[in-house]
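Below: one structure, written as structure tokens.
Order of appearance sets the numbers: ligands from 1, and atoms from 1 within every ligand.
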Amino acid sequence: MNRLIWIDGQLLPRLEARVSVFDHGLLYGDGVFEGIRQYNGRILRLDAHLKRLFDSAKAIRLDIPLTAADLGRAIEETIKANHLTDCYIRVVITRGVGPLGISPSGCLKPTIIIIADTISLYPAEMYESGMAIITAATPRISTAALSPKIKSLNYLNNIMAKWEAIDAGVPEAVMLNQQGFVCECTADNIFITRGGKLITPPEESGILMGVTRGIVLELAEKEGLTAMQQNLTRYDLYTADECFLTGTGAEIIPVTSIDKRKIGSGAAGDITRRLIAAFHEFVRRN
Ligand code: PXG
């Protein structure tokens with residue numbers, strides 16, 4: 001598909017949409033991004049994604065030379081130019097072109113890229129039968145070093161954990177923080193249920209505050225479920241009744257084994273199924 005890519009204000013065919021080898025996004029992973037979805041012609045929680053993007057940029061002292069409203073319009077324009085109704089949108093903002101050396105001070109203009117394309121999900125049967133995951137030996141980066149709330153172009157911490165998942169023959173790995181508490185997976189947040197209650201690690205555990213996580217917490221309340229944000233250990237994962245992951249790409253996906261231990265009955269649980277149904281209903285009418 002010859003998609004049009006929005007780059008620094010221009011819509012260009014994909015092979016012409018290029019960045020410089022001197023862009024600090026490439027040289028140092030200096031930049032931020034967002035992954036957003038459009039369902040049925042409407043973008044899901046665009047405001048929340050733009051807020052997180054601008055907060056991420058502010059946290060790394062990158063001034064985005066557009067307002068959130070301008071960027072929202074550029075995203076809509078990119079989707080329209082590609083005639084998409086159900087798509088994945090990747091917004092990337094880098095520090096821009098500058099001299100060699102890590103100093104960002106010589107980078108005068110951020111590079112802004114918007115890609116809208118179709119997305120490949122996990123295999124459909126995994127949403128029924130659930131996914132096997134592992135706990136990674138690689139800990140999540142410390143909040144003192146670099147806040148995991150920043151959705152930065154530096155995903156090496158997560159990629160190292162993803163290698164562990166690949167080596168173990170599973171699609172995802174859950175990462176613990178330096179205290180040994182559960183954080184999140186390499187590109188998804190994690191939830192468990194126990195005794196009918198929903199539990200997910202809190203902000204302070206050092207996670208990306210997922211937009212899908214937020215929606216699930218809202219849906220749980222509407223469904224009359226008790227939802228708690230509490231520290232979890234590996235013991236809590238292994239002895240959970242149910243477990244599932246949330247993310248823009250994954251949506252809500254059941255987890256039925258962790259480190260080869262069966263979770264609950266070994267099939268997608270009732271609460272997980274209820275939340276998946278509520279999520280589909282929500283994105284259809286959002
Ligand atoms: N934690 C991490 C570390 C993530 O990268 C999430 C949680 C879930 O957040 P959202 O806001 O999506 O519910 C993410 C999201 C990709 C891709 O291209 C990655 C994400 C989202 C969409 C696509 O690999 N990460």
Exercise for review: For the pair R140 and N157, evaluate side chain to side chain donor-acceptor pair (under 3.5 Å) and give the outcome as yes or no after the intermediate values.
Suggested key: CA-CA 7 Å; R140 189 78 175 98; N157 176 224; 3.0 Å; yes

Check your understanding: Counting each atom of ligand 1 from 1 as listed, which ones have a heavy atom of L208 under 4.0 Å away?
Key -> 1 (N), 2 (C), 4 (C), 6 (C), 7 (C), 9 (O), 14 (C)

Point to revise | Nearest non-hydrogen protein atom, atom 13 (O) of ligand 1 | key: T212 OG1, 2.6 Å

Check your understanding: Does T186 come within less than 4.0 angstrom of ligand 1, counting non-hydrogen atoms of the residue?
Key -> yes

Exercise for review: Say whether Y122 and E251, considering side chains only, have a donor N or O and an acceptor N or O under 3.5 Å apart.
Suggested key: no

Exercise for review: Give the residue and atom name of whichever protein heavy atom lies nearest to atom 23 (C) of ligand 1, and the separation in Å to one decimal.
Suggested key: Y88 OH, 3.0 Å

Check your understanding: Side chain of E242, backbone of D270: donor and acceptor closer than 3.5 Å?
Key -> yes

Practice item. Using only heavy-atom distances, determine whether the side chains of N231 and S205 contain a donor-acceptor pair under 3.5 Å. Key: no

Study note, to complete from the structure: among protein heavy atoms, the one nearest atom 15 (C) of ligand 1 is K151 NZ, 3.3 Å

Check your understanding: To which protein heavy atom is atom 24 (O) of ligand 1 closest, and what is the distance rounded to 0.1 Å?
Key -> R90 NH2, 4.3 Å

Check your understanding: By number and element, which atoms of ligand 1 are closer than 4.0 Å to a non-hydrogen atom of N158?
Key -> 3 (C)

Check your understanding: Is the backbone N or O of P110 less than 3.5 Å from a side-chain atom of R95, with the two atoms forming a donor-acceptor pair by type?
Key -> no

Check your understanding: Taking everything shown except K260 itself, do over 12 heavy atoms lie less than 6.0 Å from its NZ?
Key -> no

Review point. Can you check whether F33 and Y155 have ring centres sitting under 6.0 Å from each other?
Key: yes

**Study point:** Nearest non-hydrogen protein atom, atom 5 (O) of ligand 1
**Key:** Y155 OH, 2.5 Å

Practice item. Of the side chain and backbone of D188, name the one, both, or neither that has a heavy atom under 4.0 Å from an atom of ligand 1. Key: backbone

Check your understanding: What residue and atom, counting heavy atoms only, is the protein's closest point to atom 8 (C) of ligand 1, and at what distance?
Key -> N189 OD1, 3.6 Å

Exercise for review: State if R37 counts as touching ligand 1 under the rule of any non-hydrogen atom under 4.0 Å.
Suggested key: no

**Study point:** Shortest protein contact, atom 14 (C) of ligand 1 (heavy atom only)
**Key:** A187 O, 3.3 Å

Point to revise | Distance-only side-chain donor-acceptor flag, D236 / T233, under 3.5 Å | key: yes

Review point. Does M209 have a heavy atom less than 4.0 Å from any atom of ligand 1?
Key: no

Point to revise | Closest to atom 2 (C) of ligand 1 among E34, M175, E184 (heavy-atom distance) | key: E184

**Study point:** Side chains of E164 and T138, donor plus acceptor under 3.5 Å
**Key:** yes

Check your understanding: Which protein heavy atom lies closest to atom 12 (O) of ligand 1, and at what distance to 0.1 Å?
Key -> T248 OG1, 2.5 Å

